[in-house]
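Worksheet for the structure shown next.
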Amino acid sequence: MPLTSDDDIADLLRSARTIALVGASDRPDRPSNRVMAALQRHGYRVIPVNPQITGEHVHGEFVFRELAQLGDPIDIVDIFRNSAAAGAVVDEAIAIGAKAVWMQLGVVDQAAAARAEAAGLKVVMDRCPAIDIPRLGLTPIEATS
């Protein structure tokens, strides 16, 4: 069952350090661009993933084509794709051993959520971490060395 309680969502956000943002945009007017910047300001390393702008940089980070290219462990895969495309991203997140998938506002895929949970991932659906972080009063995370 996807996480819905404030305590569970806060625990997930507190424990995460690295977020892969699938559907990242290099256009400042796009919500994914603003959310990426907000997550970086909070202290997360955010790795953008978007096949249309692979090789570019967004907020100082190299844009990757797909999750399979990432060499670093991923705590949360933040999905900025429509509900129809979310399932394939969830399957990629499972394949790379991510700890959680976060489907953005308006993104709901119950079957994909069930697959993720069966694989041991935490799931958040139809929410935005850039909204939940200030709403929950979470303080910026500390950089780890």
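Owing to the predicted nature of the structure, the values given are computational and were not obtained by experimental measurement. Residues: numbered from 1 along the sequence shown.
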With the 4.5 Å side-chain cut-off for hydrophobic clustering, are [X] and [Y] part of the same group?
X      : Y      : value
Val22  : Leu121 : yes
Ile94  : Leu3   : no
Ile19  : Leu136 : yes
Val90  : Val49  : yes
Met103 : Val108 : yes

Is [X] salt-bridged to [Y], cutoff N-O under 4.0 Å?
X      : Y      : result
Asp75  : Arg17  : no
Lys122 : Glu117 : no
Asp29  : Arg34  : no

Work out which heavy atom in [X] is nearest to a heavy atom in [Y]; give both atom names and the distance.
X      : Y      : answer
Pro129 : Leu13  : CB-CD2, 4.1 Å
His57  : Phe62  : CD2-N, 3.5 Å
Pro2   : Ala113 : CG-CB, 4.4 Å
Ala98  : Val77  : CB-CG2, 3.8 Å
Asp26  : Pro28  : O-CD, 3.4 Å
Ala93  : Leu67  : N-CD1, 3.8 Å

Derivation and outcome, side chain to side chain contact (heavy atoms under 4.5 Å, CB included), residues Ile76 and Lys99: CA-CA 6 Å; Ile76 300 173; Lys99 295 177 185 169; over 6 Å; no
If you define the side chain from C-beta out and look only at heavy atoms, does anything of [X] sit under 4.5 Å from [Y]?
X      : Y      : value
Leu70  : Phe64  : yes
Tyr44  : Thr18  : no
Ile141 : His42  : yes
Ile133 : Arg135 : no
Trp102 : Leu12  : yes
Leu21  : Ile47  : no
Val58  : Val46  : no

Residue from Asp132, Leu138, Thr4 passing side-chain contact (heavy atoms from CB on, under 4.5 Å) with Ile9: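 It is Asp132; the other options fail the test.
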His59 side chain to Asn33 side chain, donor-acceptor N/O pair below 3.5 angstrom: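 Yes, side-chain donor-acceptor contact under 3.5 Å.
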Please report the interatomic distance [atom1]([X]) to [atom2]([Y]), rounded to the nearest 0.5 Å.
X      : Y      : atom1 : atom2 : result
Asp78  : Arg127 : CG    : CZ    : 13.0 Å
Met125 : Met1   : CE    : CE    : 9.0 Å
Arg65  : Gln52  : CZ    : CD    : 13.5 Å
Ser83  : Gln104 : OG    : CD    : 11.5 Å
Arg81  : Ser32  : CZ    : OG    : 11.0 Å
Ile53  : Arg27  : CD1   : CZ    : 10.0 Å

Donor-acceptor under 3.5 Å (Asn50 side chain, Ser25 main chain):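 A pair under 3.5 Å: no.
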Evaluation steps, side chain to side chain contact (heavy atoms under 4.5 Å, CB included), between Leu39 and Arg41: CA-CA 5 Å; Leu39 293 172; Arg41 282 192 304 272; over 6 Å; no
